[in-house]
Every structure is written in structure tokens, then in C-alpha cells.
Amino acid sequence: MASNNVLAATGTGLIVSFGEMLIDFVPTVSGVSLAEAPGFLKAPGGAPANVAIAVNRLGGKAAFVGKLGDDEFGHMLAGILKENGVKTDGITFDQGARTALAFVTLRADGEREFMFYRNPSADMLLKPEELNLELIRSAKVFHYGSISLIVEPCRSAHLKALEVAKEAGCLLSYDPNLRLPLWPSADEARKQILSIWEKADLIKVSDNELEFLTGSDKIDDETALTLWHPNLKLLLVTLGEHGAKYYTKNFHGTVDAFHVNTVDTTGAGDSFVGALLAKIVDDQSILEDEPRLREVLKFANACGAITTTKKGAIPALPKEEDALKLINA
């Protein structure tokens, strides 16, 4: 339906993204298994870091909180955040552990398979006392995933950061970002991902995560609403090329996707989340105003779509004018 609603401006409030940043090693050719790959290119990644850069690329203000190895790769990643305008005063470096690595293969259909090197990696060793609490308290939005819940001490740091952000009145944004190979078992993953469910104000899950968390193979409103909790302001289910479903206390609906030539789906969800957060950080009343929310979600869908048209997450994250061009086309 045509809409006369003006897209909200990108906010100036701080969005703090908490969790892991790592290096993805991506085969030089797509459509092969890791064993068959002739070589690999290194691509900076990690969902929370991608979200922070996505916000900044759109003209917003973001900071990253997490731990990197005190090694070449760790300093390279911190440098990439800085180059992209992300505040890095929430980063600590671990002398004893390496920066995490992931070998990611792109199947012929652009979907991914992962093999992780984290035994343990620096991000898992973030301690509660290493958190920059001032930075967290200064945020308007605090965004996080579930990988930081897998092991101690990072789990305790995550829970502490959540508590501090909640007390400071931040909007809590949660994208579980399920990576099953990292968990001891599927049951443990489900249990821990849901252990902090009730705390979030905004939750985004993919269709695969919806199936995993609910145990249902139906992607419908009834299934999605089993994930609803009373304090939630917005629940989003992303459906890839079928767009996204949204649910609030008073309304729900679907926003269509944009059709583009998909090369690599890495970072599309992070781009979507970053765009959404950048547009609501200064005006959370958008979450209660369906026409304005739809405009923001349409924009977020455009950002997600553009991110799939290039290899690697960070180089593919769009600027605002790229997204507007796609919307207006």
C-alpha cells in the first residue's frame, strides 16, 4: 500500500552493541565445502560488531563492548571499528587468548556453514569487572545476542551488562543469532537463549530460529506469538526473501522484502537490526505507531537486501542513500 509517512530521521542517541567480534575466513570461490576451498579471504565479522557498524554507516552513533585477543587480528578488528566510526572504549584485550576465528563456507545458494576456532577465544573471557559501565549507562539502546551466554566468565559479564543497561533505562534489543555448533547441545542452546527472554524490549528472530525455539515447523502468527512476553514492545520474525513479520501489543503485520541479486547472506540480519535501531533510538513512540513502524521496517528490509548483494558483511553494509535508492526504485 502506498504510504505518505515520512521515514524517521536517523537518531543521535548512543546504541551500544555487546558481544563477539571475530574473523570469518571465507573461501575464495563459492559453492564449495571448506575442504575443497582452494584459499580463504579474511572478513571481519561477529553479529554485534556488524550491528554497530551498520548503525554508524547509516549516520547513527554506536559503540561496541567486548573482548579481543591482544594479537594482530584483535588489533585489526578494533581498527576496523574505529575506521567505521564506532566507539571502542568498551573493548578490552586478553593477553592469553586469541581472537576468535570462523571458517565459513558459502553454499551454492548463498547460505552458510560454519567451523569455529574458539578454545577459548578472547571474547569468551570477558569478566564483569572489565565492563565499561559508564559507556553502557550512557546508551539509549543496548543490543546483544546469545553467543555471549555460552560460557563463563562472559555469561556473567553479559548478565551484569544487561542489568546495568536495564537500570539505566536503555531499550534492550535482543537478536539470539543462533550458532548451534558453538553450544554443547541444542537443548542447552534453547534453555540459555530463553533464560534472558523476558528482559528484552525488542526481539528479532529469523524463521529458522523461530522453528528452533518453538519446536514447530509452522512459520505463522500463532507460533510467533508463543514467543511473546508481557514486557515486549516489538517482536520481529525475518523471513529472508519473504520480508519480515512484526508483532506489538496492539497490531501485527508483514512488510515485504526487496528482490535483489543475492551473492552472500552474511550480515543481512545485522544490517536490518542496525537500520531499525538507528531509526527508533531517538523516538521509541514509533514502536506504537504502525504506519511509521512500517516505514522503518521497509527501510530496514532495504538495508538487509543490499547487504546480500556483495561478499562479506561489513563492506556490504549500506549508507542511507543506497537504501532510499532501492526503496524509490
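These numbers were taken from a predicted model, which means no experiment stands behind them. As a basis for the values below, the full set of heavy atoms in this structure was taken, side chains included, without hydrogen atoms, waters or symmetry mates.
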query = So, does D264 use its side chain to make a donor-acceptor pair with the main chain of T266 at under 3.5 Å?
reply = yes
ask   = Going through the distances and angles, do S121 and D123 end up as a side-chain hydrogen bond (donor to acceptor under 3.5 Å, both in side chains)?
value = CA-CA 6 Å; S121 54; D123 58 287; 2.6 Å; yes
request  = Check step by step if side-chain hydrogen bond (donor to acceptor under 3.5 Å, both in side chains) holds for T309 and N261.
outcome  = CA-CA 6 Å; T309 61; N261 186 16; over 6 Å; no
request  = May I ask you to check whether D282 and T12 show a side-chain donor-acceptor distance below 3.5 Å?
outcome  = yes
query = Is there a side-chain contact between H158 and Y144 (heavy atoms, below 4.5 Å)?
reply = yes
request  = Taking side-chain contact (heavy atoms from CB on, under 4.5 Å) as the test, write out the residues that go with Y117, two or more places apart.
outcome  = L101, F103, M115
message = I'd like to know if K298 and D256 make a salt bridge, using a cut-off of under 4.0 Å between side-chain N and carboxylate O.
response = no
Distance in Å, K319 NZ paired with K325 NZ, rounded so as to fall on 0.5 Å steps = 11.0 Å
key: Under-4.0 Å salt bridge between D221 and K245   = yes
query = Would you call the rings of Y174 and W197 parallel, tilted or perpendicular if under 30° counts as parallel and over 60° as perpendicular?
reply = perpendicular
inquiry  = With no hydrogens and no angle check, just 3.5 Å: does a side-chain donor-acceptor pair link T248 and E288?
reply    = no
message = With side-chain hydrogen bond (donor to acceptor under 3.5 Å, both in side chains) as the criterion, how do E211 and S216 come out once you've worked through the C-alpha distance, each side chain's angles and the decisive distance to 0.1 Å?
response = CA-CA 5 Å; E211 290 179 36; S216 163; over 6 Å; no
message = Both conditions, 6.0 Å and 45 degrees, for the charged tip of K279 above the ring of F299: are they met here?
response = yes
